[in-house]
2 protein chains.
Amino acid sequence: MQIDAIDRKIIASLGEDARRSYADVGAQVALSAPAVKRRVDRLRAEGVITGFTAVIAPAALGGTTEAFVELFCAGRTSPAEIRRAALRHPEVVAAYTVSGDADAILHLRVSDISHLEEALEGLRAERFVNSTRSTIVLSMLMERPAALT
Amino acid sequence: MQIDAIDRKIIASLGEDARRSYADVGAQVALSAPAVKRRVDRLRAEGVITGFTAVIAPAALGGTTEAFVELFCAGRTSPAEIRRAALRHPEVVAAYTVSGDADAILHLRVSDISHLEEALEGLRAERFVNSTRSTIVLSMLMERPAALT
DNA sequence: AGTGAAAAGGATTTAGC
DNA sequence: GCTAAATCCTTTTCACT
């Protein structure tokens with residue numbers, strides 16, 4: 001479970017381009033392709049690298065509007081219950097329990113405002129949701145993958 | 001700039017595993033490897049697929065604490081200015097301008113609470129920031145890549 | 001427009017060191 | 001960790017629909 005400087009460089013390199021070949025990554029870190037592969041295999045086995053994914057322009061998939069929705073929940077609502085509800089609603093792209101007056105924050109991606117209204121209706125229909133408070137995203141300024149931090 | 005059902009399946013497949021071979025993806029969508037490659041090339045050229053990245057467990061890189069920070073800015077602050085500031089602070093993993101009383105929401109990933117305090121100091125030192133309001137994330141319930149929506 | 005087949009050049013992966 | 005070798009994948013070209 002030890003991550004050294006070379007592992008970090010490998011992660012950064014694959015964070016920039018997950019389809020980069022092991023030979024290319026190896027050139028950056030002065031290692032042979034098999035050595036890089038073994039490290040990547042190890043990092044995956046250890047759960048450091050969770051996977052590799054395509055980065056998609058949300059607009060291309062019809063998700064052109066975003067919002068943050070604060071959830072105010074009934075007294076005995078468990079995080080697991082909120083999580084299950086969030087997964088049921090495809091508009092929810094991320095969900096967090098939080099400190100402060102709200103119990104959770106959901107990040108929603110929808111096609112337009114009327115779709116947002118629908119999604120909010122659906123969320124408020126969940127048994128444990130007392131009320132919601134929405135903040136509309138005017139523009140996405142930046143999003144940085146964890147690998148490039 | 002047209003995306004058909006096969007494109008969508010290809011995006012979903014590479015969203016699940018960006019290092020999957022074109023032959024494997026082709027097997028899922030009943031297309032040959034060259035045909036899949038041409039579609040992926042086209043989707044990249046059109047900006048639908050922005051890139052491919054490694055998904056990293058934030059904890060492995062020392063980012064075990066998260067927070068949402070609302071920014072209240074001086075009257076004449078442009079989104080571009082907020083964006084530049086967000087990029088300057090490595091703790092900021094995402095930034096959005098929003099409707100409502102705050103001007104922007106920043107998503108921060110830090111190693112611990114004292115690191116959060118430092119990061120907040122840094123943000124408040126920006127000329128255009130009048131004040132901030134922070135919400136600590138208690139637990140990340142789910143995060144869904146855009147490709148799997 | 002978009003497809004598959006084939007071939008050359010690379011990449012991955014196993015094995016031995 | 002490296003090199004070498006077999007296998008598989010990628011990518012270009014070309015012919016077909």
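Per chain, numbering begins at 1; letters A, B, ... match sequence-line order.
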Show me the donor-acceptor pairs, under 3.5 Å and distance only, between side chains in residues 91-99 of chain A and residues at least two apart or in other chains.
from, atom 1, to, atom 2, distance (Å)
A:Glu91, OE2, A:His115, NE2, 3.1
A:Tyr96, OH, B:Glu143, OE2, 2.6
A:Thr97, OG1, B:Ser139, N, 3.0
A:Thr97, OG1, B:Ser139, O, 3.4
A:Thr97, OG1, B:Ser139, OG, 3.0
A:Ser99, OG, B:Ile136, N, 3.2

Once side chain to side chain donor-acceptor pair (under 3.5 Å) is applied, what residue pairs with a partner in residues 23-33 of chain A remain, sequence neighbours excluded? A:Ser13-A:Gln28
Among B:Lys37, B:Arg39, B:Arg38, which residue meets the salt bridge (Lys or Arg N to Asp or Glu O under 4.0 Å) test with B:Asp41? B:Lys37
[X]: which residues meet the side-chain contact (heavy atoms from CB on, under 4.5 Å) condition with it, sequence neighbours left out?
X	answer
B:Ala23	B:Ser21, B:Ala33
A:Ala74	A:Thr77, A:Asn130
A:Thr132	A:Val69, A:Leu71, A:Leu120, A:Arg124, A:Val129
B:Asp17	A:Phe52, B:Arg19, B:Arg20

Do the side chains of B:Leu108 and B:Phe68 join up, straight or via other hydrophobic residues, at under 4.5 Å, putting them in one cluster? no
Is it the case that one hydrophobic cluster holds both A:Val36 and A:Ile3, taking links as side-chain heavy atoms less than 4.5 Å apart, direct or via other members? yes
Would you call A:Arg8 and A:Asp4 a salt bridge, using N to O less than 4.0 angstrom? no
Got a sec? Which of residues 45-57 of chain A come in under 4.0 Å of DNA chain C, heavy atoms? none
To which residues is A:Val55 joined in a hydrophobic cluster, defined by side-chain heavy-atom contacts under 4.5 Å among Ile, Leu, Val, Met, Phe, Trp and Tyr, whether direct or through other members? none
My validator wants the stems of DNA chain D: runs of 3 or more consecutive Watson-Crick or G-U pairs, both distances under 3.5 Å, written as range with range. C:2-17 with D:1-16
Opening and closing nucleotides of DNA chain C in contact with chain B, under 4.0 Å to non-hydrogen atoms: C:dT3 to C:dT12
Which donor-acceptor pairs under 3.5 Å do side chains of residues 78-86 of chain B form with protein atoms, sequence neighbours excluded?
from, atom 1, to, atom 2, distance (Å)
B:Ser78, OG, B:Glu81, N, 3.1
B:Arg83, NE, A:Leu141, O, 2.9

Scan nucleotides 2-17 of chain D nucleotide by nucleotide, 5' to 3', and note B when protein non-hydrogen atoms come under 4.0 Å of the base, S if they reach only the sugar-phosphate, - if neither. BBB----SSBB-----
